[in-house]
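Atom set for the values below is all heavy atoms of this structure, side chains included, hydrogens, waters and symmetry mates excluded.
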Amino acid sequence: YAVSLSILTFAFAYVKAATLNDILIIAPTVLATSIIVEFTKNYVIAVVARIEGVWTEHRLWYFGLILFLFSSLVFRVPFSSPSRLTHNAPKFTQKSLGLVSAAQVLIAMAFAAAFFCFFINGYTLIGNIGIVMCLTMAFFDSIPIPPMNGKDIHDWSKFLWTGLFTAAFTLYMLMLFVL
């Protein structure tokens with residue numbers, strides 16, 4: 001968790017900062033937002049997975065970490081994730097995997113809505129950072145290629161995947177062009 005949160009904090013602070021001095025001002029807000037979003041999302045997913053009889057663990061994902069840092073430093077658009085949740089169960093069905101994966105996308109979108117409330121009520125920094133972080137997670141998690149969650153959702157329910165992907169993609173694009 002420490003490595004993942006450190007990378008998230010650095011990347012989002014770097015992207016939001018106009019100058020290098022601004023990184024130190026923005027970093028505490030990004031760190032607090034990262035902690036709230038990551039811990040809550042991972043806890044809720046672990047609970048949903050346990051209900052389905054699946055053991056879930058948080059792991060550092062090296063390919064995602066490199067992609068995340070590269071996209072943040074080169075394009076100033078953090079895309080990917082430095083960590084993944086891995087699922088283990090003797091009877092892990094396509095339905096249970098689809099439910100757990102869909103929950104990850106839905107939780108990120110729900111957090112984006114909560115941060116939007118902060119944003120429109122005048123807390124623009126925390127709202128902006130939270131919206132960007134959550135919609136990036138939702139869009140990235142809905143892409144239907146392995147090992148992304150979108151592949152598991154697509155394999156289980158193409159209708160649900162279409163709805164989640166369309167919503168996540170639309171909101172992500174709006175966020176990129178508006179915020």
Side-chain angles (χ1 to χ4, degrees), residues 4-20 22-45 61 63-85 100-145 147-154 159-179:
S4 178
L5 289 173
S6 299
I7 300 290
L8 282 171
T9 300
F10 167 75
F12 281 101
Y14 174 75
V15 168
K16 286 294 173 192
T19 65
L20 289 178
D22 291 344
I23 290 177
L24 296 176
I25 296 168
I26 295 171
T29 304
V30 175
L31 180 61
T33 304
S34 298
I35 290 170
I36 291 167
V37 170
E38 284 292 315
F39 280 140
T40 305
K41 183 181 82 133
N42 290 347
Y43 177 75
V44 171
I45 294 305
W61 184 35
F63 177 72
L65 173 74
I66 292 166
L67 184 61
F68 188 75
L69 285 173
F70 178 77
S71 67
S72 298
L73 294 172
V74 175
F75 302 112
R76 293 187 65 97
V77 178
F79 190 73
S80 182
S81 176
S83 62
R84 306 278 308 144
L85 291 176
V100 170
S101 298
Q104 289 189 45
V105 175
L106 289 170
I107 289 168
M109 292 173 87
F111 264 117
F115 282 112
F116 181 73
C117 292
F118 280 106
F119 185 78
I120 62 173
N121 285 315
Y123 300 100
T124 55
L125 181 62
I126 193 164
N128 187 311
I129 290 169
I131 291 168
V132 169
M133 189 178 297
C134 293
L135 290 179
T136 300
M137 278 192 280
F139 175 58
F140 181 74
D141 276 342
S142 66
I143 296 173
I145 55 174
M148 307 319 148
N149 292 321
K151 176 68 173 150
D152 300 326
I153 300 167
H154 184 268
F159 179 76
L160 177 62
W161 173 81
T162 301
L164 288 175
F165 181 77
T166 302
F169 177 75
T170 303
L171 291 171
Y172 182 75
M173 287 298 139
L174 282 171
M175 179 261 320
L176 282 179
F177 293 115
V178 174
L179 295 180

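- S71 contributes a side-chain N or O that, together with a main-chain N or O of V77, makes up a donor-acceptor pair within less than 3.5 Å.
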Ignoring hydrogens and angles, write down the donor-acceptor pairs under 3.5 Å from the side chains of residues 100-107, residues two or more places apart or on other chains.
unit_1 : atom_1 : unit_2 : atom_2 : d
S101   : OG     : L97    : O      : 2.9
S101   : OG     : D152   : OD2    : 3.4
Q104   : OE1    : N149   : ND2    : 2.9

Discussion item. Is there a side chain to side chain contact (heavy atoms under 4.5 Å, CB included) between I26 and I129? Walk through the geometry before answering.
Written reply: CA-CA 9 Å; I26 295 171; I129 290 169; 3.8 Å; yes
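- Classified by interplanar angle (parallel below 30°, tilted 30° to 60°, perpendicular above 60°), the ring pair W161/F165 is parallel.
- Aromatic ring pairs are classed by plane angle as parallel below 30°, tilted from 30° to 60° and perpendicular above 60°; the pair F139 and Y172 is parallel.
- Looking at residues two or more places apart in sequence or on another chain, you find a side chain to side chain contact (heavy atoms under 4.5 Å, CB included) between A11 and F68, S72.
- With rounding to the nearest 0.5 Å, the separation of CD1 in I153 from CG in D141 is 7.5 Å.
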Would you give me the side-chain donor-acceptor pairs under 3.5 Å for residues 27-39, sequence neighbours excluded?
unit_1 : atom_1 : unit_2 : atom_2 : d
T33    : OG1    : T29    : O      : 2.8
S34    : OG     : V30    : O      : 2.8

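- Between L65 atom CG and L8 atom CG the span is 9.5 Å, to the nearest 0.5 Å.
- A donor-acceptor distance shorter than 3.5 angstrom exists from the side chain of N121 to the backbone of C117, with no hydrogens or angles considered.
- Of the inter-residue distances, the one linking K16 atom NZ with N128 atom CG reads 3.5 Å to the nearest 0.5 angstrom.
- Counted within 6.0 Å of CD1 on I120, heavy atoms from surrounding residues, nucleotides or ligands total more than 12; the atom is thus considered enclosed.
- Here the shortest heavy-atom pairing between F111 and K41 reads CE1-N, 4.4 Å.
- Under the 4.5 Å side-chain criterion, counting only non-hydrogen atoms from C-beta, F115 is not in contact with Y123.
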Discussion item. As a quick check of understanding, evaluate side chain to side chain contact (heavy atoms under 4.5 Å, CB included) for T136 and M175, giving each step before the final call.
Written reply: CA-CA 9 Å; T136 300; M175 179 261 320; 4.3 Å; yes
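- For the residue pair A108 and M137, the shortest heavy atom distance occurs at CB-CB, 4.1 Å.
- Of all non-hydrogen atoms in F118 and G127, the two that sit nearest each other are CB-CA, 4.1 Å.
- Side-chain contact between P147 and W61: present, with at least one pair of heavy atoms (C-beta onward) separated by less than 4.5 Å.
- To the nearest 0.5 Å, the span separating CD1 on I145 from NE2 on H154 amounts to 12.5 Å.
- The two residues R76 and A17 have their closest heavy-atom pair at NH2-O, 2.8 Å.
- Residues L69 and F10 share a closest heavy-atom pair of CD2-CD2, 4.3 Å.
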